[in-house]
Amino acid sequence: MLLCRTIAELRRQVAAERAAGCSIGFVPTMGAFHEGHLELMRAAGRSCDVVVVSLFVNPTQFDRRADLERYPRIETDDARLARSAGVEVLFAPSVQEIYPAGFATSVHVAGLGDVLEGQHRPGHFAAVCTVVAKLLSIVSPDVAVFGQKDAQQLAVIHRMVSDLNLPVRIEAHPTVRENDGLAMSSRNRRLSPDDRRRAVALPRALAAAAAAIERGERDWSDIRNGVFESAGGEVDFEYLEALDPSTFSPVDAFGSNAVLLAAAAHVGDVRLIDNLLAQPTLATEPPAGSESDRYSTSKEAI
Ligand code: PAF
């Protein structure tokens, strides 16, 4: 596996792979790899001949300085894991390489980028879109793979790629979960053992809300209140919303269309997000399995 620190090195390597007739798959990351990242890398390897992974902790997308400072940075371990997942090129640039003096451009996806996470973390998606647009321009991949755990990020990037006619196909990969249902995230490693135990209340709350919708319950505020009550204060919800999966606008009257349940919650000083798709058309039949069965496999699509 080749490690590139500069844009020029990375571009030279990609040009050589292309000249050899190889297609390029790309996974943008902020490092601290877990099985979820490795699944994205393997998926890129199934779609393309050569996999490029970027490892860049993008400072502009953190709304709290403490969060940026605490973000895990373990490049040597990451490089080893990326190699084991079949990655050919790891691009780990410095902040100056990505944001040289005078950098002044921002990509803002209006609407979709302003609600939910965009509302709770103003400027977050402009920062994500700017760095992703820049990375796509540097790497020029055929395919870029993103996880559905960050469902809104995925939707915003789809919009940006379509609006700017960027020549890349975006592939979505299902959320990878621990056996108890907690979505894998680099932030999980900051949970204390007690907070890790409590964090499972987040996917359980989503599963309970999805099961209620699929049972035919129709009053979202009743469902949400019930879920908050049974979560019993284990986690501190910032939001729990039922949304149209393509527009991210709130849905309060459930019809036959799928509903995206999205939540952010604090456990100790760690902020976690997660989401799950609920399908109201299942209303006439009991949902398959119990709420906890929903997470009995390590992989679960939103
Ligand atoms: O999902 C992430 O890890 C980041 O938001 C991304 C896409 C690498 C941009 O910094």
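All values below were derived from every heavy atom in this structure, side-chain atoms included, with hydrogens, water molecules and symmetry-related copies excluded. Order of listing sets the numbers, starting from 1, for every ligand and every atom in it. Here the structure is a predicted model, which means the values were calculated and not measured.
- For ligand 1, the atoms lying closer than 4.0 Å to a non-hydrogen atom of V131 are 9 (C), 10 (O).
- Counting only distance, with no hydrogens or angles, the side chain of N225 and the backbone of D222 share no donor-acceptor pair below 3.5 Å.
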- Apply ring-ring contact (aromatic ring centres under 6.0 Å, His included) to the pair H173 and F146, showing each step before the final yes or no. CA-CA 6 Å; H173 194 279; F146 290 83; over 10 Å; no
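- For atom 3 (O) of ligand 1, the closest non-hydrogen atom on the protein side is M30 CG, 3.7 Å.
- Note on E17 versus R12: no salt bridge recorded, every NZ/NE/NH1/NH2 to OD/OE distance being 4.0 Å or above.
- Taking both residues in full, the closest heavy atoms of F33 and H37 are given as CA-ND1, 3.2 Å, listed atom of the first, atom of the second, then distance.
- For the residues Q153, H124, K149, Q61, the heavy atom positioned nearest atom 9 (C) of ligand 1 is part of Q61.
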